[in-house]
Amino acid sequence: MNTMTNAGVNLKGFARYLVNTKLLDLETTIEAQEEASKQGLPLVSHVVQHGMLAPRKIAELAHQEFGLPLLDITALNKELFPLNQVDSSLIDKHHLLPIFKRGNRLFLAASDPTNQEGIKEFQFHTGLAIELILVEEDKLTQTLEEVSKSADAAMGALLEENLENIDFDIGADEASQGEDDSLDVDEAPVVRFVNKILLDAINDGVSDIHFEPYEKSYRIRYRQDGMLYEKATPPVNIAQRLSSRLKVMARLNIAERRVPQDGRIKLKISKNQAIDFRVNTCPTVYGEKVVLRILDSSAAKVGIDALGFEEDQRELFLKAIHRPYGMILVTGPTGSGKTVSLYTALNILNSPEVNISTAEDPVEIQVDGINQVNINTATGLDFASALRAFLRQDPDIIMVGEIRDLETGEIAVKAAQTGHLVLSTLHTNDAPQTLTRLANMGIPPYNIASSVNLIMAQRLARRLCENCKTVEELPRTALLEEGFSEAEVAEGLTIYKAVGCDRCTNGYKGRVGVFEILPVTEGIGQLIMEEGNAIQLKELALKEGYYYDLRTAGLMKVKAGITSLEEINRITKD
């Protein structure tokens, strides 16, 4: 038996140990256990606080009895404690403190060597093997208080006084789904801090927020105008509290920390304004990294003039999207603005007279009047099956988030050949390579030539701040080497560089599209049929005069004073 009973009182764990080792008699131990329970204290804390036993004596005898190592916790550097491994509420609940992590083993400082419940709960939440190290109770309590005060002080320094008045409507049911609600009144500073981070991101026009735990530090970064920069460095020992708060807001399972999870946060910040965040968690070596993507529906309504087309490119794009059938492909890396370009086209075409359906992974911009489908491969709903369903629903315009495989490509091509306008994306470096990529997938060249109307490659360049940009002096030879023509240099080319001021970020504010548009003309179609490669396609397009590459389009933005040569080199130079 692991318990002993007297007058209906069960003794187990540390209480049983005290009686068995004759450190205290049975009656005294029962009274101490009852008092400790009333005060919400661990029994060992109650015994020490009331002078019933010296903490050093308890530790030494437990060391002899259980064979556990005995350590002076005050000699350790608290900044090195792996506190990001568990939620602080777990530390407070079980009076155990993580002090080392070696491989898959987590070492906990404990004054009660019989705390099996705590060991099991730490093991469950971390997925690590737990080992106890004995410490004196008074020193453990002192260290726990110091760690808590350090976190509160650091958090207080990061918060602003006016944050009390911010009211985020996250919706009903913020249940923690599978765990005790760890975000109670004591977590108010964490709630306020997360609200501040999200609100600042919205106000600053940020696209992504990264919450990143490391061994000895924690950082929060914003992606603004395509570039990441550090926003805050909260104390590492609140890492788990931050991720738990974000997971509660996204209605994810906060008890699950070993697999990635996806969710969504809808923040209603006024009666007429709500902002959506797409949330993804990913387990890393030192805890969960959480990334929030801000989904701004207004981005799809910026209008075609704000995208950054040159006049001839704008005309080609509008002509292509107003054709009754065929395919328009947009290509570029992740974060290059493909979705905004496609939704700009869909908003132009969206009217009661047409049926528009989209399949996306996931739907990032929600628009009234467009039938939008979230791809879910876990249930068998992939791009190909969604496309087949669309074709049975009397469509006029179809948008496919991405052509990833031959099956999806073939269905999209057939749809474009049978009287539907199809818009989609591919991941290639430029427009000519897109045509050869389709052929490499296995789509016959004659189907490509007869279905594709236009290909558009794009990048996003940061706009120079109009308040602080200044003229950049470069020698003639340097300008020629960058790609400007003799005529442009001779007529007195003026270019600008970034400086930086209180109205911008490092000299830039906002972004503009840089586009490479390739219409599939009769000549291009013939070359596709002859299985021409990307180099041949580019040469023919340049010869026909309808096309110029991304580099040339970027230099036009530099010449117009919209962006800097340094920025165009960043996004286009090999």
Side-chain angles (χ1 to χ4, degrees), residues 276 278 295-304 307 316-332 334-377 381-405 407-428 431 434 437-438 441 443 448 451-458 513 515 517 520:
D276 286 338
R278 190 181 76 205
L295 308 177
D296 187 2
S297 297
S298 64
K301 302 174 184 177
V302 295
I304 192 169
L307 292 181
L316 287 170
F317 184 71
L318 287 172
K319 182 180 178 181
I321 67 173
H322 282 103
R323 292 182 66 173
Y325 57 85
M327 184 183 294
I328 297 170
L329 295 172
V330 182
T331 181
T334 302
S336 59
K338 299 187 297 294
T339 301
V340 171
S341 295
L342 287 173
Y343 267 97
T344 299
L346 292 179
N347 271 315
I348 293 171
L349 299 170
N350 190 11
S351 69
E353 293 80 31
V354 294
N355 177 20
I356 302 175
S357 296
T358 75
E360 302 166 73
D361 184 18
V363 173
E364 294 191 3
I365 300 173
Q366 298 178 7
V367 180
D368 289 340
I370 297 177
N371 307 290
Q372 298 169 283
V373 174
N374 259 322
I375 294 304
N376 187 347
T377 53
L381 179 58
D382 55 15
F383 284 117
S385 58
L387 263 174
R388 280 192 289 267
F390 291 165
L391 291 174
R392 301 187 191 102
Q393 295 211 330
D394 185 30
D396 296 301
I397 300 166
I398 295 170
M399 197 265 272
V400 187
E402 184 183 348
I403 295 177
R404 295 177 179 173
D405 50 49
E407 185 182 14
T408 306
E410 285 180 333
I411 299 171
V413 164
K414 288 176 184 176
Q417 291 173 329
T418 54
H420 308 97
L421 181 64
V422 179
L423 294 85
S424 189
T425 71
L426 276 173
H427 286 286
T428 57
T434 306
R437 170 76 186 281
L438 291 172
M441 278 185 179
I443 299 173
I448 299 172
S451 61
V452 180
N453 293 342
L454 179 132
I455 299 169
M456 182 170 77
Q458 70 178 78
F515 300 94
I517 292 184
V520 180

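These figures come from a predicted structure and were not determined experimentally.
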Side chains of [X] and [Y]: closer than 4.5 Å at any heavy-atom pair?
| X | Y | result |
| --- | --- | --- |
| Asn350 | Ile370 | yes |
| Thr358 | Val400 | no |
| Ile403 | Arg437 | no |
| Met441 | Glu407 | no |
| Met399 | Ser357 | no |
| Val452 | Leu438 | yes |
| Gln417 | Tyr325 | no |
| Val354 | Ser351 | yes |

- [ ] Please step through side-chain contact (heavy atoms from CB on, under 4.5 Å) for the pair Asp396 and Leu349, ending with a clear verdict.
- [x] CA-CA 10 Å; Asp396 296 301; Leu349 299 170; over 6 Å; no
Taking the side chain from [X] and the backbone from [Y], do they hold a donor-acceptor pair closer than 3.5 Å?
| X | Y | value |
| --- | --- | --- |
| Gln372 | Val367 | yes |
| Ser424 | Leu329 | no |
| Asn371 | Ile356 | yes |
| Asn355 | Gln393 | yes |
| Thr331 | Ala457 | no |
| Arg278 | Val363 | no |
| His420 | Ile398 | no |

- [ ] Please step through salt bridge (charged side-chain N to carboxylate O under 4.0 Å, His left out) for the pair Lys338 and Glu402, ending with a clear verdict.
- [x] CA-CA 10 Å; Lys338 299 187 297 294; Glu402 184 183 348; over 6 Å; no
Task: Residue among Lys319, Met327, Arg323 satisfying side-chain contact (heavy atoms from CB on, under 4.5 Å) with Asn453 - done: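 Testing each of Lys319, Met327, Arg323 against Asn453, the sole residue satisfying side-chain contact (heavy atoms from CB on, under 4.5 Å) is Arg323.
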Open item on the list: Given Val413, which partner from the list Ile443, Ile448, Thr418 fulfils the side-chain contact (heavy atoms from CB on, under 4.5 Å) test?
Closed with: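 Looking at Ile443, Ile448, Thr418, the match for Val413 under the side-chain contact (heavy atoms from CB on, under 4.5 Å) is Ile443.
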Using every non-hydrogen atom in the two residues, find where [X] and [Y] come nearest and quote the distance to one decimal.
| X | Y | answer |
| --- | --- | --- |
| Phe317 | Ala345 | CZ-CB, 3.8 Å |
| Gly332 | His427 | O-ND1, 3.2 Å |
| Leu391 | Ile411 | CD1-CG2, 3.9 Å |
| Thr408 | Ala384 | OG1-N, 3.7 Å |

Nearest 0.5 Å, please: how far is [atom2] in [Y] from [atom1] in [X]?
| X | Y | atom1 | atom2 | answer |
| --- | --- | --- | --- | --- |
| Leu423 | Ile321 | CG | CD1 | 8.0 Å |
| Phe515 | Gln458 | CZ | CD | 4.5 Å |
| Thr434 | Leu454 | OG1 | CG | 10.5 Å |
| Thr425 | Ile328 | OG1 | CD1 | 13.0 Å |

TODO: Return each pair, listed once, that meets salt bridge (charged side-chain N to carboxylate O under 4.0 Å, His left out) where at least one residue sits in residues 344-363; pairs must be two or more places apart or across chains.
DONE: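 Found Asp361-Arg404.
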Task: Ser385 vs Asp382, side chain to side chain donor-acceptor pair (under 3.5 Å): CA-CA, chis, key distance, verdict - done: CA-CA 5 Å; Ser385 58; Asp382 55 15; 2.8 Å; yes
